[in-house]
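Take a look at the structure below.
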Amino acid sequence: MADVCDILDIDRSNGGEVTKESIVGPEKKNKKFGATKHSKKPEGMARELFALLYHDKNDPPPLFPSDTGQGYKNMKAKLGMKSVRPWKWMPFTNPGRTDNAIFHHWRRVCDEGKEYPFARFNKKVEIPTYTEVEYSTYLEKEDWNQAETDHLFDLAGRFDLRFGVMADRWDTTRFRKRSIEDLKERYYGIVTALAKVKTGYGLPSEAKEYFFDADHERRRKEQLERLFSRTPEQVEEEQMLQAELRKIEARKKERDRKTQDLQKLITAADNQEEPKKTERKFPRKKFPFSKPRMDNLFGELSGIKFPDIKGSGVTLRSQRMKFPTTLGQKKMKAIEQQLTEFNIDLNPLPTEEICQHFNDLRSDVYLLCELKAAISTCEFEIQSLRHQYEAVNPNKCLPKLEEIFLTETKPGDVVIKTDTITNGASTSQAVRNMTM
């Protein structure tokens, strides 16, 4: 017995008695049902949120909705009491094949005699047909004869318009070699011609009309070939030129910004110098007033200068219709509101002509809004001058705004005559020209 204990590596402290516990080990106690450890809710977390994360079985929440009620997995297999449906090794044919080949597979007995279920994926491209009369009347071409055209449509039907395979299977022994672009141009030209002949314009047609630009496709592939065949030195040179272009554009923007800041300072200095000159000229004036500057109000107005995109690379034509960043949000909203009143789409189709006309229209609308604001300012200043004049001369009054007359001197020029106050007592007439 001692030898057996040594062989089985059993402790002989219990007198060398071989028992089930000494060989198998102590029996583990079965856990009671429902005695699973519950996760503790973290502090600060709402009870409803914690209920979404854990439940009684401590399983993670399901990743998608299910009807089992047990999350995304079933713990118990659902075994039915019905007999299993029999399967049979039976032959079948694929309707997509034309060689009537017979294959075998396992299939349910109840599905015997039914069509092959994957036959619905056998999609065939509808290739149009033509007669000799139609070819001689509508489809003739100088560098294509009827034998080449028939061979082209035969390949199109065999390979489902896979033009790469068609160009590879082209019979170069009978006909001259044709590129993929030549095959596409000829095929789509015939399809479009047949659609026009068989249906006519304005009638619903089953065949679609196509337009394939073979020259554009050749240039595109040639450009891609040049792009892919660049050497590392050429790529490095292009990257260097692009970096230099970005630096030039950054310096240009910086100069424009400094020019705008300088122009603002000059304008602010002019506005500050004007009242000083008026005070020195009329020191005895009781009610100082700011002289209306029609040239500042109307001479400095201009339209919107839209950004001119000249960077390298691919750009969208719609970027030309974006407002410049210097334009405020209020002015943008005013322009959009005015366009809405004119029943004009705010985002038209960005063709070359539409982009130019749409930008010109918004520039004119912006100038119109600025002119309205300038006219309102002029009316306010005239009203202020009237009140000042009536305060200095109680027995006199200036003519109303409606009585200010306009005299046309020559086409395009309008002279505005109005009375202004000088020295608090005398009245002088100031005539200013404004080009409309």
Donor-acceptor pair, Arg174 side chain versus Asp171 backbone, under 3.5 Å?
no

Which label fits Phe163 and Tyr188: parallel for a plane angle under 30°, tilted from 30 to 60°, or perpendicular past 60°?
tilted

Within the side chain of Ser136, is there an N or O that forms a donor-acceptor pair under 3.5 Å with the backbone of Val133?
yes

Does CG in Asn347 sit with more than 12 non-hydrogen atoms of other residues, nucleotides or ligands closer than 6.0 Å?
no

Tell me, yes or no, whether the heavy-atom count around Glu353 atom CD, taken from other residues, nucleotides or ligands under 6.0 Å, exceeds 12.
no

Phe118: ring pair (Phe, Tyr, Trp, His ring centres under 6.0 Å) partners, not counting sequence neighbours:
Tyr116

Check whether the ring centres of Tyr187 and Phe153 lie less than 6.0 Å apart, and answer yes or no.
yes

Do NZ/NE/NH1/NH2 and the carboxylate oxygens of Asp256 and Lys252 come within less than 4.0 Å?
no

Output for pair (Lys184 NZ, Leu161 CG), nearest 0.5 Å, gives 10.0 Å

Cys110 side, atom SG; Arg85 side, atom CZ - distance, nearest 0.5 Å:
6.0 Å

Check step by step if side chain to side chain donor-acceptor pair (under 3.5 Å) holds for Gln260 and Arg257.
CA-CA 5 Å; Gln260 292 178 359; Arg257 187 183 62 81; over 6 Å; no

Would you check if the side chain of Ser363 reaches a backbone N or O of Asn359 as a donor-acceptor pair within less than 3.5 Å?
no

First locate atom CZ of Arg107, then atom CH2 of Trp87, and finally report the distance between them rounded to the nearest 0.5 Å.
9.5 Å

Quick check for you: to the nearest 0.5 Å, what is the distance between Ile354 atom CD1 and Ser318 atom OG?
12.5 Å

What's the shortest heavy-atom distance between Pro350 and Met321, and which atoms?
CB-CE, 3.8 Å

Contact summary for Pro128 and Val191, nearest pair of heavy atoms:
CG-CG2, 3.8 Å

Smallest separation among heavy atoms of Ile180 and Gly164, with atom names
CD1-CA, 4.0 Å

Minimum heavy-atom separation for Lys123 and Asp160, please, with both atom names.
O-OD2, 4.3 Å

Pairwise side-chain contact, Lys196 with Tyr138, heavy-atom cut-off 4.5 Å (strictly under):
no

Glu134 versus Thr129: any side-chain heavy-atom pair under 4.5 Å?
no

Output all residues satisfying salt bridge (Lys or Arg N to Asp or Glu O under 4.0 Å) with Arg255, sequence neighbours left out; order by chain, then residue number.
none

So with a 6.0 Å cut-off around CD1 of Ile102, is the heavy-atom count from everything else above 12?
no

Is the side chain of Arg97 donor-acceptor paired with the backbone N or O of Asn94 at a distance under 3.5 Å, no angle test?
no

If you measure from OG1 on Thr340 to CG on Leu346, what distance do you get to the nearest 0.5 Å?
4.5 Å

Any side-chain heavy atom of Pro95 sitting closer than 4.5 Å to one from Glu115?
yes

Just wondering, do Leu155 and Arg158 contact through their side chains at under 4.5 Å, heavy atoms?
yes

Take Arg186 and Glu148 through the test side chain to side chain contact (heavy atoms under 4.5 Å, CB included) and record every step on the way to the result.
CA-CA 10 Å; Arg186 179 59 173 166; Glu148 280 185 305; over 6 Å; no

Ignoring hydrogens, what is the shortest heavy-atom contact between Gln146 and Tyr135? Give both atom names and the distance.
N-OH, 3.2 Å

Between Arg178 and Asp143, is the side chain to side chain contact (heavy atoms under 4.5 Å, CB included) condition met? List the steps.
CA-CA 11 Å; Arg178 300 281 187 176; Asp143 56 342; 4.0 Å; yes

Charged N to carboxylate O under 4.0 angstrom, Arg226 versus Glu222?
yes

Sidechain N-carboxylate O distance under 4.0 Å for Asp261, Lys258:
no

Side chains of Glu379 and Ser384, heavy atoms from C-beta outward: is any pair under 4.5 Å?
no

Are Glu112 and Lys88 side-chain neighbours, meaning at least one heavy-atom pair lies under 4.5 Å?
yes

Would you indicate whether the side-chain heavy atoms of Pro42 and Phe50 approach each other to under 4.5 Å?
yes

For Glu238 and Leu241, what are the C-alpha separation, side-chain angles and deciding distance, and is it a side chain to side chain contact (heavy atoms under 4.5 Å, CB included)?
CA-CA 5 Å; Glu238 183 178 358; Leu241 293 176; 5.7 Å; no

Is the shortest distance from a Lys or Arg side-chain nitrogen in Glu181 or Lys221 to a carboxylate oxygen in the other one below 4.0 Å?
yes

Mind running side chain to side chain contact (heavy atoms under 4.5 Å, CB included) on Met240 and Glu236 for me, showing each step along the way?
CA-CA 6 Å; Met240 181 189 66; Glu236 184 178 358; 5.8 Å; no

For the pair Arg362 and Glu336, find out whether any cationic side-chain nitrogen is under 4.0 Å from an anionic carboxylate oxygen.
no

Give a yes or no on whether Glu132 atom CD has more than 12 heavy-atom contacts from other residues, nucleotides or ligands under 6.0 Å away.
no

Asp182 vs Arg218 side-chain heavy atoms within contact, under 4.5 Å
yes

Between Trp170 and Leu152 (side chain of the first, backbone of the second, donor and acceptor by atom type, cut-off under 3.5 Å), is there such a pair?
no

Please report the closest heavy-atom contact between Ala156 and Ile127, naming both atoms and the distance.
O-CD1, 3.9 Å

Parallel, tilted or perpendicular: which one describes the rings of Trp89 and His104, with boundaries at 30° and 60°?
parallel

Would you say the side chains of Arg386 and Gln383 form a donor-acceptor pair under 3.5 Å?
yes

Distance col, row Gln338:CD vs Lys333:NZ, nearest 0.5 angstrom, shows 15.0 Å

